[in-house]
2 protein chains.
Amino acid sequence: MVGRGRSVETRAPLSRDRVLRAAVKLADEGGIASVTMRRLAEELDAEAMSLYHHVANKDQVLDGVVDAVAAEINEAVSRLTLPAEGPAWKEAARRRILTARQVLLGHPWAPAVFSTRTTTSPEVLLYFDGLLGIMRAGGFSNDLAHHAMHALGSRAIGFSQELFSPTGGPTTGEPDPAMAAMAAQLPNLVGMLAEVAHDDPDSTLGWCDDQAEFEFGLDLLLDGLDRRR
Amino acid sequence: MVGRGRSVETRAPLSRDRVLRAAVKLADEGGIASVTMRRLAEELDAEAMSLYHHVANKDQVLDGVVDAVAAEINEAVSRLTLPAEGPAWKEAARRRILTARQVLLGHPWAPAVFSTRTTTSPEVLLYFDGLLGIMRAGGFSNDLAHHAMHALGSRAIGFSQELFSPTGGPTTGEPDPAMAAMAAQLPNLVGMLAEVAHDDPDSTLGWCDDQAEFEFGLDLLLDGLDRRR
DNA sequence: ACCTGAACACCGTTCAAGT
DNA sequence: ACCTGAACACCGTTCAAGT
């Protein structure tokens, strides 16, 4: 609407950055499947083929989108200022990771995209470098810090993909028929579910775990690493 | 070629089972992207549209493929006969999980597909039920066992998606130019890589971790769970 | 240089028709 | 009942052409 003084002629200058921002916006609104080159172009009032002057192909769009989300995470964690020397490393790492998770809650489609990327984004590397710095300050050897990064896996950046969600939704009165048919063959699962309320009231990160379970697993790992420090 | 006595007329009887087996075969040969309804049909000497008489849609094909791989895992772990009472639970769980991983090594595309599935496969539920049984035998409360399943996440079934693979290949003499440009901003990462050989000689499970790192993370979790038992 | 229209080689899926 | 051909509504991307 404003145009910052400059008026009209050519509507929009189009750029790699504008393309990536539009992609994040589309994904936030309708999931990652709604990010197609054609709809991306439409969002930018251009033709699909024009995008190829700013990104090599769709894969590069997804790489860029991951980098953009990771940049948002880095921006958020940069505001944290906790001591990390000695035993303080654990709380510093914990806060960093939970802050990353908080950012991802705003982009529920992002973890799935992160997982598909084969080339590591520069911003993700920056994030890991910072976490590594906390561990080094805490007294980790490079070798143990290396193991730690692998052990944390995606948890290091705030998400954990779950394939164990036996109920799939709030345990309403109506029983899942398929589940009921198998019940006899799943004695331990049925017994457990009868005892623990497996609600996941609003499983916030899509197919991911909810906050309490994420923190349980995170603390399990951080405690174990602290012991080996 | 043989046809088991019955000769000719109609070539292939086509069935849900045959469709799923063909899908696994295609994925093993060319990755999951090569599993399309059209190529699947071709593999079965049929037309793409014929498949829809045996599966509702492509999503159901992928569900079935996951179920088939999980069935293969269950078959493999069923041959294990380890005691699980008391402290023995840990070795039993460990062996079960590493056996699952061994099966997945034969289907490197499978972890990514597992992660995208929203409905849990019956065979995956059976697998989890067995693991839960081991934990119960080991003395876990239902509540702790529940947390444990979430904490293990996909590791419970033998894989862990890594987004941390800073080098991306064997550290040959030639330096990654993009990496080199960022090196100054990644002091901890560069320092660590200089010290630990981050080879991943043949990172077996695609974008996943290698065996040693998988076991380190697994033991970290199992040890932590054992302590809270 | 930046952008575009038409076209190509694919997708999953619907539908009406065959046996 | 099981299978199929043609067609529809999408994809990502190439190419030759426009300014």
Side-chain angles (χ1 to χ4, degrees), chain A residues 3-4 6-27 29-67 109 112-113 116-119, chain B residues 3-4 6-27 29-67 109 112-113 116-119:
Chain A
R4 217 176 285 167
R6 172 177 299 170
S7 64
V8 218
E9 202 66 33
T10 167
R11 280 285 199 183
L14 221 47
S15 71
R16 186 187 135 88
D17 214 64
R18 255 168 57 81
V19 171
L20 297 183
R21 263 202 297 271
V24 172
K25 180 166 175 259
L26 274 183
E29 287 167 2
I32 196 66
S34 68
V35 179
T36 70
M37 297 303 271
R38 283 169 160 91
R39 266 191 265 185
L40 207 41
E42 194 182 0
E43 180 80 18
L44 294 160
D45 277 317
E47 298 303 310
M49 319 318 145
S50 306
L51 304 179
Y52 287 86
H53 287 274
H54 302 95
V55 289
N57 49 40
K58 187 176 176 183
D59 242 53
Q60 208 174 83
V61 172
L62 295 179
D63 285 345
V65 151
V66 162
D67 208 51
W109 47 270
V113 184
T116 64
R117 297 297 85 197
T118 154
T119 58
Chain B
R4 218 174 285 167
R6 174 177 298 170
S7 65
V8 218
E9 201 68 32
T10 166
R11 281 287 200 182
L14 222 48
S15 71
R16 187 186 134 87
D17 214 64
R18 256 167 59 79
V19 171
L20 297 183
R21 263 201 297 271
V24 171
K25 179 166 176 259
L26 273 182
E29 287 168 3
I32 195 65
S34 69
V35 178
T36 71
M37 297 303 271
R38 282 170 160 91
R39 265 190 267 183
L40 207 41
E42 194 183 358
E43 179 80 17
L44 292 161
D45 277 320
E47 298 303 309
M49 321 316 145
S50 307
L51 304 178
Y52 287 86
H53 288 274
H54 302 95
V55 289
N57 49 42
K58 187 176 177 182
D59 242 53
Q60 210 175 82
V61 172
L62 295 179
D63 285 345
V65 150
V66 162
D67 209 50
W109 47 270
V113 183
T116 65
R117 297 298 83 196
T118 154
T119 59

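The figures here come from the full heavy-atom set of this structure, side chains too, leaving out hydrogens, waters and symmetry mates. All chains are named by letter (A, B, ...) in the order of the sequence lines, taking the proteins before the strands, and each is independently numbered beginning at 1. Every value quoted in this text rests on a predicted model; they were computed, and no experiment measured them.
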Going by heavy atoms in the side chains, are B:H54 and B:D17 under 4.5 Å from each other?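 In short, these two side chains do not touch, never coming nearer than 4.5 Å.
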
A:L51 side chain near A:L44 side chain, heavy-atom distance below 4.5 Å: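 With C-beta onward as the side chain, the pair touches.
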
Please report, rounded to the nearest Å, how far the [atom2] atom of [N] is from the [atom1] atom of [X].
X     : N      : atom1 : atom2 : result
B:L51 : C:dC11 : CG    : P     : 13 Å
B:L44 : D:dC3  : CG    : P     : 10 Å
B:M49 : D:dC8  : CE    : C1'   : 12 Å
B:N57 : C:dT13 : CG    : P     : 5 Å
A:M37 : D:dC10 : CE    : P     : 18 Å
B:H54 : D:dC2  : NE2   : C1'   : 7 Å
A:R18 : C:dC3  : CZ    : C1'   : 14 Å
A:K58 : D:dT14 : NZ    : P     : 15 Å

Any side-chain N or O of [X] below 4.0 angstrom from OP1/OP2 of [N]?
X     : N      : result
A:R39 : D:dC11 : yes
A:Y52 : D:dT14 : no
B:S50 : D:dT4  : yes

What pairs of nitrogen or oxygen atoms, one from the protein and one from nucleotides 17-19 of chain C, lie under 3.5 Å apart?
none

Of all the heavy-atom pairs spanning [X] and [Y], show the shortest one and how long it is.
X     : Y     : result
B:R18 : B:P13 : NE-CD, 4.2 Å
B:A22 : B:L40 : C-CD1, 3.8 Å
A:N57 : A:Y52 : CA-CE2, 4.0 Å

State the CZ-CG distance between A:R117 and A:D63, to the nearest 0.5 angstrom.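 These two atoms lie 5.0 Å from each other.
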
If you find the nucleotide of DNA chain D closest to A:R38 and the one closest to B:R38, which residue's nucleotide is nearer the 5' end?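 Of the two residues, B:R38 wins.
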
According to side chain to side chain contact (heavy atoms under 4.5 Å, CB included), who are the partners of A:R38, at least two apart in sequence or on a separate chain?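 So A:R38 forms a side chain to side chain contact (heavy atoms under 4.5 Å, CB included) with A:T36, A:A48.
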
Counting N and O atoms only, with roles assigned by atom type, does the side chain of A:Q60 sit under 3.5 Å from a partner on the main chain of A:A56, one being a donor and the other an acceptor?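 Checking the backbone N and O of A:A56 against the side chain of A:Q60, a donor-acceptor pair under 3.5 Å is found.
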
Does the pair A:E29 and A:K25 meet the rule for a salt bridge (Lys or Arg N to Asp or Glu O under 4.0 Å), with working shown? CA-CA 6 Å; A:E29 287 167 2; A:K25 180 166 175 259; 3.7 Å; yes

Taking Watson-Crick and G-U wobble contacts under 3.5 angstrom, with | marking pairs to another strand and [ ] crossing pairs, the secondary structure of DNA chain D is written ||.|||||...|||||.||

